[in-house]
Amino acid sequence: MYLQINALELESNLTLLGLSPSDNGRVITCNVENVVGQTEAYLQLNILFRPTILELLEPLRLHHWCIPFSVTGNPKPELRWYHKDQELHEQEYIKTEIHESTGSVHHGCLKLVNPTHIHNGQYTLVVRNEYGEDRKEIDAHFLLPPDTDYDTGLTAVYIVVGIAGVALIGCVLMVIILKYGRNSKFGMKGSSSVISNDDDSASPLHHVSNGNNTPSSSEMGHDAVIIGMTKIPVIENPQYFRQSGSMLKSDTFVQHIKRHNIVLKRELGEGAFGKVFLAECYNLIPDQDKILVAVKTLKEASESGRADFHREAELLTNLQHEHIVTFYGVCVESDPLIMVFEYMKHGDLNKFLRSHGPDAVLMADGQHSLMVELTQSQMLHIAQQIAAGMVYLASQHFVHRDLATRNCLVGENLLVKIGDFGMSRDVYSTDYYRVGGHTMLPIRWMPPESIMYRRFTTESDVWSLGVVLWEIFTYGKQPWYQLSNNEVIECITQGRVLQRPRSCPKEVYDLMLGCWQRESYMRLNIKEIHSLLQSLAKALPVYLDILG
Ligand code: AMP
């Protein structure tokens, strides 16, 4: 920006050159001062510019049909739609809806309720304000006309018959598996081998057969909530079937720690299940008398709560990796039940990012002057370690379902590990969305298929990893912080993605976009993400010592 000040005797002019629409909303402060005192005045920039259509996308089927668009312009442009060059007159069944406005950018839909073949064809959007206009076209195909030719009709019949045939064979196979599978060595072994979970979001790490967790048809038969234009099935009691895989081995040996060996020092935080304390633990490691640990307590353990606790302990005992927080064992001599973990000096990653961001650095006066803003290479180093932990989880056919910076921990020398065990929900309750009775969903980290169909897979974890990258490069901002939960659901299901953070290199944002492909099979593979992050991190040296 180029400034030119023409000083007159009593009046001065400030000329601003080279402004662009992105400068809209910036505040100019005028500060005048002489020997007697000082005063200030503010002015907010309001830059007027012609409208542009940023995006006009093919129709999407949500609860109704939607032709998504994003437009910009100041003053807010007037929108007109044309269908096959005829102006569309909006009414209840066809109308423009603006879902979100950020500054002078407006996102919305041309909503069509039950369109038929009559509505097929070219749609033109024209946006106009007093400074100019812009237009864009898109082709829309909602339904085939009723007089579709014989061949196409016949093909449709073949497809329907084909699908029915496959479904019939599937049913027969299911019956056979249910009848004979119960007694087979690797099949479902009745209730004793079923991992039941009253609250599907309470247990963070889920071992999922085939790496896929599509709800069964009976689960889909449950209630649904309608949020905006999206119908979300509410599944209160998903059941995960134990496999013969490596995680939940029947012979898992969970280490038991004596209560008198644990000396509590101070509280570290509180989660949904209970308090977390810093403690000293004696006689835990052969060559050390005592070590610092983090102990998590389980308050008011019911019968099923205790069962979940033991299952989780078995599961954690089998998860061992340099980027997964170390689980040492349990103490169940009396209430409260305790889990003992390695102590990670700098606590959760979200808090850590916020305290090493520009806001924290600005606030850091004399006493906190050691606070240093994270560099890009440090951010990459953090991201790369989380990706390494996720590669391991995927190799174990584990689906995390709740990967977020609040669920990662930071130790000395910027060592980062995945460490969520479903206990962060109270502190970060605004990160979750409650559906049905007590199910909390981290929707801001979830891809469309998890929001709409509760489908959680290694690929949906990849989506969440993309959001974690975004959190890292925004110093711990909440994704879509400017939107309500309902708006976030609309936004994600409509295919919109988070914007590139200011301090994020293009290569890293491209990686995020690779995690946020709508079709899960199009997303980057976790191993690819890890090696990309590794090579980006290698390109820039990391100076760890500044963090102390
Ligand atoms: P959680 O219930 O797991 O979210 O833990 C609550 C808080 O306790 C977190 O926000 C962390 O700051 C802290 N905390 C949890 N686990 C550890 C750990 N292993 N080492 C250090 N701090 C921890």
Side-chain angles (χ1 to χ4, degrees), residues 199 201-206 255 257 262-281 284-285 290-301 305 308-309 312-313 315-317 319-331 336-357 360 382 385-386 389 393 400-432 440-442 444-445 464 468 471-472 475-478 547-548:
D199 177 350
S201 57
S203 187
L205 299 169
H206 302 271
Q255 182 165 4
I257 298 165
I262 301 171
V263 180
L264 299 187
K265 286 176 77 75
R266 70 180 161 87
E267 196 179 313
L268 290 172
E270 179 151 18
F273 290 168
K275 291 196 161 142
V276 184
F277 296 94
L278 170 67
E280 280 173 344
C281 191
L284 187 61
I285 289 181
K290 62 174 180 183
I291 59 162
L292 285 177
V293 290
V295 304
K296 295 192 174 186
T297 55
L298 177 66
K299 63 185 174 196
E300 296 157 20
D308 283 348
F309 178 90
E312 194 122 324
L315 186 148
L316 293 168
T317 302
L319 280 179
Q320 289 175 20
H321 185 264
E322 56 186 320
H323 294 295
I324 303 287
V325 72
T326 307
F327 173 67
Y328 290 125
V330 295
C331 175
L337 303 182
I338 286 176
M339 282 188 185
V340 181
F341 293 89
E342 78 177 292
Y343 172 58
M344 301 288 282
K345 189 176 162 190
H346 295 291
D348 81 69
L349 175 60
N350 188 268
K351 235 183 318 177
F352 181 83
L353 291 167
R354 285 168 189 258
S355 62
H356 290 87
I382 293 171
Q385 297 177 73
I386 299 171
L393 289 185
H400 189 295
R401 293 169 153 235
D402 195 6
L403 182 66
T405 56
R406 66 179 169 274
N407 292 328
C408 298
L409 291 161
V410 187
E412 267 174 307
N413 286 328
L414 210 56
L415 174 64
V416 177
K417 301 192 179 193
I418 298 169
D420 155 63
F421 303 100
M423 299 189 183
S424 60
R425 254 141 262 216
D426 274 4
V427 185
Y428 291 100
S429 58
T430 52
D431 285 349
Y432 294 86
M440 306 276 274
L441 293 176
R444 292 165 196 268
W445 283 259
S464 311
V468 165
E471 286 185 271
I472 296 172
Y475 298 94
K477 282 209 173 112
Q478 189 192 44
L547 289 173

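Just follow the structure's listing: the first ligand is 1, and inside any ligand the first atom is 1. Just so you know, these numbers come straight off a predicted model, no measurement behind them.
In this structure, of Met344, Met339, Glu270, the residue bringing a heavy atom nearest to atom 21 (C) of ligand 1 is Met344. Of the candidates Val276, Leu278, Leu409, Val276 brings a heavy atom nearest to atom 8 (O) of ligand 1.
With ligand atoms numbered from 1 in the order given, ligand 1 contributes 20 (N), 21 (C) to contacts under 4.0 Å with heavy atoms of Tyr343. Taking every heavy atom of Ala294 and a limit of under 4.0 angstrom, the matching atoms of ligand 1 come to 17 (C), 18 (C), 19 (N), 20 (N).
Taking CG of Asn407 as the start and CZ of Arg401 as the end, the distance is 13.5 Å to the nearest 0.5 Å. For the atom pair CD1 of Ile291 and OH of Tyr328, the computed distance is 4.0 Å after rounding to the nearest 0.5 Å.
For the ligand labelled ligand 1, residue Glu342 lies inside the 4.0 Å heavy-atom shell.
Of the candidates Leu415, Val416, Leu393, Ile418, Leu415 is the only one forming a side chain to side chain contact (heavy atoms under 4.5 Å, CB included) with His323.
Looking at Phe341 and Val276, their side chains never come closer than 4.5 Å, going by heavy atoms from C-beta outward. Proximity of Phe309 to Met339: side-chain heavy atoms (C-beta onward) are separated by under 4.5 Å at one or more points.
The shortest N or O to N or O distance between Lys351 and ligand 1 is under 3.5 Å. Note: an N/O pair closer than 3.5 Å links Lys296 and ligand 1 by distance alone.
For Lys477, the salt bridge (Lys or Arg N to Asp or Glu O under 4.0 Å) criterion is met by no residue, not counting sequence neighbours.
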